[in-house]
Every structure is written in C-alpha cells, then in structure tokens.
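Encoded as structure tokens, the structure appears first; notes follow it.
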Amino acid sequence: MQYYALAILGCILYFLTKTLYSLYTNVQLARASGIPYTISPIYGYNMFWLVTSPLYLKLLHRLPSFLTEPWIHITPGDWSWQMSYTPFGSAMFNSDTFLIVSPGGIIMPTADADVINEIVTRKADFPKPIEMYGSLDIFGKNVVSVEGGEWRRQRRLLTPQFNEKSNGVVWKESLFQAGKMLESWKRGSVVDSGANGRGEDGKADGGKVNGFPEKKVKNATKSGIVISELGKDCMRLSLHVISRAGFDVRCLWPGAKDSEKAMDEGSMDSNIVPEGHKMSYTSSLETLLHRILPVLILPDWFLRLSPWSLLRQAGTSYKEWGLYMSEIYDRKADMIQHTKSISTDDEGLDLMGAMIRHSGLIEGTPNHGKRGVGMSQREVMGNSFVLFLAGHETAANSIHFCVLYLAMRPDLQRKLQAELSQIFGSTPPSTWSYETHIPTLFTTLTGAIMNEQLRLIPPVVMIPKSTPASSPQPLIINGKPCIVPPKTHIALDSVAVHRNPKYWPHGPARSEEDGGPVHESSNLENDLEEFKPERWFVTSDDSSSSTTVRGREGNKDDEATATDEDNEFEISEAPTSTSHKPLFHPQRGAYIPFSEGARSCIGRRFAQVEILATLAVLFHTHSFELCTDGFASEEEVSKMGREERSGVYGEVRQEVERKMREEMGTVITLQFRKGGVRLRVCERGGELFF
Ligand code: HEM
C-alpha cells in the first residue's frame with residue numbers, strides 16, 4: 001500500500017516539477033523578448049481546458065481575484081469576442097501586443113496593424129500552425145491543412161479558378177438563391193420552431209398576410225412572416241451557392257415546384273434520396289457541415305456505433321457525402337477524359353472539374369506527366385470539401401448579421417432601400433448585371449454595410465500563426481525591437497484590431513438616452529463597438545470625423561509592400577465603380593476579416609459578391625424588423641403612437657445587443673451558440689414600426 005502511495009506522490013511531484021520548470025523556462029523567454037507579458041496557469045489552447053472550462057468557469061470567477069486576475073479574462077476559448085479591445089486598452093495591458101505565458105506554452109495576441117502586417121508578409125518566419133488543422137483532412141489533404149511547398153502547389157492550382165468569370169457565376173446564383181429563400185419563407189416551408197408554427201398573435205391563421213398572399217403560411221402574422229432561423233436559412237443559401245460554383249450542381253429549396261426541377265437538369269432536390277444512397281445530396285451536405293465537430297474529432301467507428309442518433313446521423317452524412325463526391329468526381333473525370341474539357345459555360349462554374357483538369361491525372365490534360373505540379377485524387381476531394389467548409393458558414397454568417405444589424409437600424413434600412421431602388425429601379429434580379437451593378441454595390445451603402453458587419457463580427461476571430469520551434473523571430477513591437485520566442489502561438493485578433501481606435505474613424509460613444517455603450521468595458525469613450533456603416537464614407541482627410549486616422553489611398557500600399565508570393569496568390573479584385581468615391585481604405589493589417597498576405601482567403605471576392613447580391617435581393621423589395629415578443633404583442637403595437645413604438649423597438653434592440661454580446665461565441669466561426677433573433681419580414685411599405 002505504502003509503495004502505491006509513494007508511486008502516486010512521485011508522479012505528482014514529477015508533474016509539478018515539470019510544470020514549474022516549463023513555466024520558469026517560458027517566463028525567461030518572455031522576459032528576454034522585450035514584449036509585455038502576463039502569466040496564466042493554463043494554456044488557452046489546451047484541448048481539455050477548451051472542452052471542460054465552460055462547466056466551471058463561473059466558479060473560477062468566484063475565487064479571490066489575486067488568484068485569477070488577469071488571466072481569467074484572456075484564457076477562455078471565447079475571450080476575444082467577450083473582451084473585445086479591453087485587454088489591449090489602458091485599463092489592462094495598454095499594449096496592442098502582449099504575451100500570455102503558461103506552463104503549456106506562450107500565446108501572443110496582437111491588435112497592432114503594423115505587427116499583423118509584418119507577420120502575414122513574412123510567411124516563412126511566421127507559418128500557420130497546421131497541426132491545428134490536421135482533422136480537416138477527412139477527405140484528403142487540402143490547401144487549408146498544409147504548409148510550405150505542398151501549400152504552394154495546391155494554392156497555385158486553385159487561385160486561377162477564383163476569377164472574374166467565377167465571380168459572375170456566384171453573382172447569378174446568389175441572386176437566384178436569395179429569391180428562392182424569400183419564396184420559401186412565403187411558402188412557410190422554413191419552419192418556425194420558436195412559435196410552433198403560430199403567428200405572433202398566437203393564431204395559426206396565415207390568411208391575409210401583408211405582402212404575402214399565399215394561404216396557410218405557417219409563420220404568418222398580420223404584418224409579415226416571422227423567421228426565427230435566419231442563420232440556418234442563410235447557411236442553406238450559402239451551401240446552394242457553393243454547390244453551384246463548386247460542382248455545377250444546383251440545389252433546390254424544400255418545397256420547390258416540379259417545374260423548377262424539370263428546368264434544371266443536374267439540380268438536386270433536398271427531399272429526394274437517389275438509389276444507392278441513404279440521404280439526399282443536400283441533407284448529407286447540410287448534416288455533415290452542421291455536425292462537423294464530432295466528425296472531425298471522433299473516429300468513424302465510434303460515430304457509426306454510437307447510441308446517440310445525432311452522432312450516427314453525422315457518421316452517415318460523412319459517408320454519404322464521400323459517396324456523392326466520388327460519383328461527381330467519376331462523372332467529371334469521365335467527361336474530361338473524353339472531351340478534354342469541362343462544362344464551364346456561362347451558366348455554371350466548376351471548381352472540382354477545374355481541379356481534376358489541372359490535376360495531371362488524366363492523359364492529354366495540361367499538367368499530365370509534369371512532376372510536382374498536379375494533385376492526387378484525394379487532394380481534389382479534400383479541397384472540394386474544404387471549399388464548402390471554409391466558404392459556407394463564413395459567408396452565411398455575414399449575410400445573417402447584416403440583416404440583423406439592418407433590422408436594428410431601420411433608418412439605415414430605409415436609406416439602403418432608397419439606394420437600391422435608384423440602382424435597380426423596378427427591374428427583377430434576373431436582369432441585374434454583374435459588370436454594371438457589382439462595382440456600384442461595392443462602393444455604395446451596401447458595400448459599407450458588408451464592410452462594417454465584417455469589421456464587427458469577423459467570422460475567424462483569432463487567425464493563427466506561429467514561430468518555428470527552433471527559430472525566435474525579431475519584430476518591432478510598440479516601436480522597439482523585440483524577439484518573439486520560438487514555438488509561440490500567435491493570434492491575430494481580428495475582433496480587437498477592428499476596434500482599435502488608432503486605425504478607425506470614430507465619433508463619441510452612444511449617449512445614455514440612446515442606450516449607452518454597447519460593451520461594458522471596451523471603447524467606452526468612442527463608437528467603435530457600434531454598427532455604423534457611415535464610417536466607411538469618411539476619408540482620412542475628412543474633417544467630419546472626430547479623429548484623424550491613417551488610411552490607405554487606393555491600392556498604392558499594396559503595390560509597395562506586397563511580395564512576389566502575395567502577387568502570385570492575389571485573388572482577382574472585382575472592379576469598383578468609377579462614378580463613386582472609394583470607401584475608407586484601412587491601413588494594412590487593420591482590417592483582416594479575410595486575413596492578409598499570401599495566405600489570405602482565396603474566396604474573398606466570391607464571398608463579397610455573394611453577400612452583396614443577397615442583400616440587394618432581400619432589401620430591394622422587402623423590409624426586416626425585430627420581433628417584439630416578450631415586450632409587446634403585434635396588436636398592442638398597432639395601437640401605439642409613433643414615439644411609444646420607437647421606445648419598445650429601442651428596448652428590443654438593447655436586448656438583441658445583450659444577446660449578441662453574451663450568447664455568441666466561436667463554433668467554427670463566430671455566431672450565436674444556440675438560437676438566434678426572431679425577425680419579421682414583409683414587403684416594403686408594410687413595416688410595423690418605422
Ligand atoms: C465572409 C466570408 C469569408 C470570410 C470572412 C473568410 C475568412 C477567411 C480567413 C480569415 C482565412 C484565413 C484563415 C487562416 O489563416 O487560418 C480564410 C482562408 C480560406 N478561405 Fe475564406 N472566408 C470567407 C469565405 C470563403 C469562401 C466563400 C471560400 C471558398 C469558396 C473560402 C475559402 C478559403 C480557403 C480555401 C482558405 C485557405 C486559404 C489558404 O490557406 O491558402 N473562404 N478565409
């Protein structure tokens with residue numbers, strides 16, 4: 001017995017000594033670095049901590065502050081969103097870059113645009129920590145999960161496919177799918193789980209609905225349709241757009257009419273399960289992407305044999321999607337083999353087809369017989385999957401939050417609608433032109449709204465970089481030369497740098513009468529926590545801004561500092577309108593929703609075109625308002641005067657702001673952890689409030 005006790009004591013002592021020694025070594029490195037640092041007992045990226053800490057974090061907050069300050073604020077998984085710019089400001093570290101030193105390693109968050117720019121430019125000195133992405137290889141290695149020469153080879157094959165022609169396809173498909181989303185709301189086929197299919201007034205009437213003539217609409221109220229799953233609907237829209245662009249397969253919304261199916265050869269109905277399959281094309285993809293975490297983390301056999309049906313479904317969707325991709329691959333490879341081309345006509349784009357054609361696997365195609373330039377079949381599969389993964393949730397969230405912010409700012413919504421009427425008149429979206437309209441959308445209010453939404457809620461919050469294990473890196477931080485220790489995990493904090501007052505035009509914070517500051521500790525003295533697309537119309541020499549900030553003129557800085565590699569992997573810029581003044585151009589490193597440098601987002605233009613097109617369709621003819629459930633019923637609102645309505649709306653808006661602050665976090669991308677905000681959509685002119 002004594003031996004066992006001694007053995008256990010020995011293990012504990014060994015563990016403690018090892019931990020203390022690691023902490024001591026890391027503190028020495030931090031001290032020598034010249035960078036401000038703080039000590040934390042826990043390494044923020046420790047998997048056990050990330051998974052279990054939400055269970056006991058509240059308890060830790062109750063411990064005496066000398067035990068937990070300040071690390072408790074900068075170690076939880078979601079600290080970047082929760083704390084915003086606070087840790088970098090004068091109340092905490094008063095430095096836009098600092099180190100969090102723990103026994104498990106060193107983390108360097110930064111909200112300094114110059115530091116970020118230096119890091120993304122010196123790609124070899126600050127590589128992506130790809131060990132974090134290994135689990136993304138479920139269908140094969142891909143451009144997200146590799147580094148160095150392997151990454152360069154894959155990225156070189158993919159970059160040319162993201163061009164103006166493909167942006168044009170994205171534009172057309174987004175216009176089409178956004179229209180179908182509106183139609184699906186009208187049909188009532190997007191089920192309102194929150195209201196049990198009943199209207200806000202509790203009646204399942206759905207009879208005469210403002211702007212929506214159809215009978216028996218599930219979520220109908222007297223003034224429109226209630227949508228409580230906007231986030232999910234946007235995900236579906238985004239998946240449909242990528243499916244068209246990625247595989248040239250058009251997806252249909254639930255309840256699509258037979259005529260649509262007949263019209264679209266190669267379209268996939270979300271309800272039809274083809275022979276040899278257990279799930280439809282769309283539901284296998286949707287299920288896989290919505291349950292992606294267990295699929296990435298847990299072994300296949302565990303998913304299959306799991307007692308929980310959610311996990312079993314996730315396992316089935318993984319298998320089914322693999323099967324669909326193989327079938328599409330075989331069909332395309334066969335076509336290329338026989339015709340040496342793919343169907344990249346004006347109606348469809350085909351990223352997978354293009355990958356196969358350039359893979360070098362098929363005789364007679366461009367890279368056949370060349371060493372070190374093509375792709376294996378598994379890499380084609382891996383990249384096809386990862387484009388869906390990287391591209392659907394990010395763009396979907398952006399559309400979702402743009403609509404939500406616009407519902408919170410009816411004044412801005414009216415301005416946007418007036419502007420869209422000016423641009424498109426009363427023409428239907430099917431006639432809108434990519435060449436004519438997209439440059440205008442980029443430089444007017446729609447573009448400013450998208451930019452501002454991505455400033456406030458960038459989907460990727462802590463863009464990871466690192467220093468190699470044996471290679472400390474010199475870097476100018478806070479104006480003095482410093483050494484970033486080896487094996488440091490660097491987090492480019494997009495949430496914080498997007499709110500750093502040094503780089504952004506800003507005015508005074510919201511007054512108490514209007515609801516007071518949005519965040520309890522970040523940027524209390526300015527409006528950088530607020531959604532104000534107007535700031536994008538301010539140029540650096542504009543005297544109407546209360547601060548002067550350093551922006552960029554056009555792309556001059558890009559040209560001056562971009563490396564050859566940046567240029568090689570540059571994504572084609574969509575043309576911007578020459579008849580409008582360009583929007584504010586933040587300095588390099590200050591605006592990083594798509595990251596920057598050679599390793600920045602390959603789908604940036606794709607996503608921007610999708611977001612702009614979707615917003616244009618939705619707001620050209622429709623209005624979105626916050627539901628006032630819990631504050632006033634629709635009937636009560638209809639009896640109120642203008643001022644009283646405005647008061648109720650203000651209260652609801654503040655509740656939504658609270659929800660966004662407290663109930664959002666990173667689930668792959670930044671979004672509501674569960675649930676969302678209920679909105680009412682109606683045709684323009686039928687608004688209940690403003
Ligand atoms: C609003 C929408 C989007 C945002 C905010 C966004 C953001 C980002 C960010 C921040 C990165 C860098 C991640 C890192 O370094 O860890 C990235 C990389 C990437 N994104 Fe996006 N993305 C969006 C849409 C898309 C779309 C639509 C696609 C494809 C269709 C896409 C494909 C990719 C790929 C393949 C990479 C990896 C690039 C590489 O490592 O070379 N993204 N994205």
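In listed order, ligands and their atoms are each counted from 1. Computed from heavy atoms alone, side chains included, the values below leave out hydrogens, waters and symmetry copies.
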For this session: Measure from the side-chain N and O atoms of Thr446 to the backbone N and O of Phe442, and report whether any donor-acceptor pair falls under 3.5 Å.
Result: no
For this session: Note the single closest protein heavy atom to atom 38 (C) of ligand 1, along with its residue, its atom name and the distance in Å.
Result: Arg155 NH1, 3.4 Å
Problem set entry | Heteroatom distance test (Lys465, ligand 1): nitrogen or oxygen, under 3.5 angstrom | no
Exercise. In terms of atom number and element, which parts of ligand 1 are under 4.0 angstrom from non-hydrogen atoms of Ala395?
Worked result: 1 (C), 2 (C)
Problem set entry | Numbered atoms and elements of ligand 1 in range of Ile463, under 4.0 angstrom, heavy atoms | 10 (C), 14 (C), 15 (O)
Exercise. Got an N/O contact under 3.5 Å between Arg599 and ligand 1?
Worked result: yes
For this session: Using a strict 4.0 Å cut-off to heavy atoms of Trp151, name the atoms of ligand 1 that fall inside it.
Result: 39 (C), 40 (O), 41 (O)
For this session: Indicate yes or no for a side-chain donor-acceptor contact from Ser595 to the backbone of Ile592 under 3.5 Å, with no hydrogens or angles considered.
Result: no
For this session: Tell me, please: is Val144 in heavy-atom contact with ligand 1, that is, under 4.0 Å?
Result: yes
Problem set entry | Residue that, paired with Glu452, satisfies salt bridge (charged side-chain N to carboxylate O under 4.0 Å, His left out) out of Arg535, Arg409, Arg499 | Arg535
Problem set entry | Numbering as shown, the atoms of ligand 1 that approach Pro459 to under 4.0 Å (heavy-atom distance) | 5 (C)
Seminar exercise, completed: Atoms listed for atom 21 (Fe) of ligand 1 (protein only, N, O or S, under 2.8 Å, no waters) are Cys601 SG
Seminar exercise, completed: If you scan protein heavy atoms around atom 7 (C) of ligand 1, the nearest is Pro593 O, 3.3 Å
For this session: Using a 4.0 Å heavy-atom threshold (strictly under), name the region of Ser494 that reaches ligand 1: side chain, backbone, both or neither.
Result: neither
Exercise. Is the backbone N or O of Ser359 less than 3.5 Å from a side-chain atom of Glu379, with the two atoms forming a donor-acceptor pair by type?
Worked result: no
For this session: Taking the six-membered ring of Phe176 (Phe, Tyr or Trp), confirm whether the NZ or CZ of Arg244 is under 6.0 Å from its centre and within 45° of its axis.
Result: no
For this session: Using the ring of Tyr133 (Phe, Tyr or Trp, six-membered ring only), decide whether Lys128 places NZ or CZ under 6.0 Å from its centre and within 45 degrees of its axis.
Result: yes
For this session: Using a strict cut-off of less than 4.0 Å between a Lys/Arg side-chain nitrogen and an Asp/Glu carboxylate oxygen, indicate whether Glu173 and Arg250 qualify as a salt bridge.
Result: yes
Problem set entry | Centroid-centroid distance, Phe98 to Phe88, less than 6.0 Å | yes
Exercise. Can you list the ligand 1 atoms lying under 4.0 Å from a non-hydrogen atom of Tyr133?
Worked result: 16 (O)
Seminar exercise, completed: For Pro464, the atoms of ligand 1 under 4.0 Å from one of its heavy atoms are 16 (O)
For this session: Describe, in one word, how the ring planes of Tyr591 and Trp504 are oriented to each other, choosing from parallel (under 30°), tilted (30 to 60°) and perpendicular (over 60°).
Result: perpendicular
Seminar exercise, completed: Given the options Leu445, Leu416, Ile449, Phe619 meets side-chain contact (heavy atoms from CB on, under 4.5 Å) only with Leu416
Seminar exercise, completed: for atom 14 (C) of ligand 1, nearest protein heavy atom and its distance come out as Lys128 NZ, 3.6 Å
For this session: Spell out, as yes or no, whether a donor-acceptor pair under 3.5 Å connects the side chain of Arg153 to the backbone of Gly374.
Result: yes
Exercise. Between Glu327 and Tyr324, is there a donor-acceptor pair closer than 3.5 Å when you use the side chain of the first and the backbone of the second?
Worked result: no
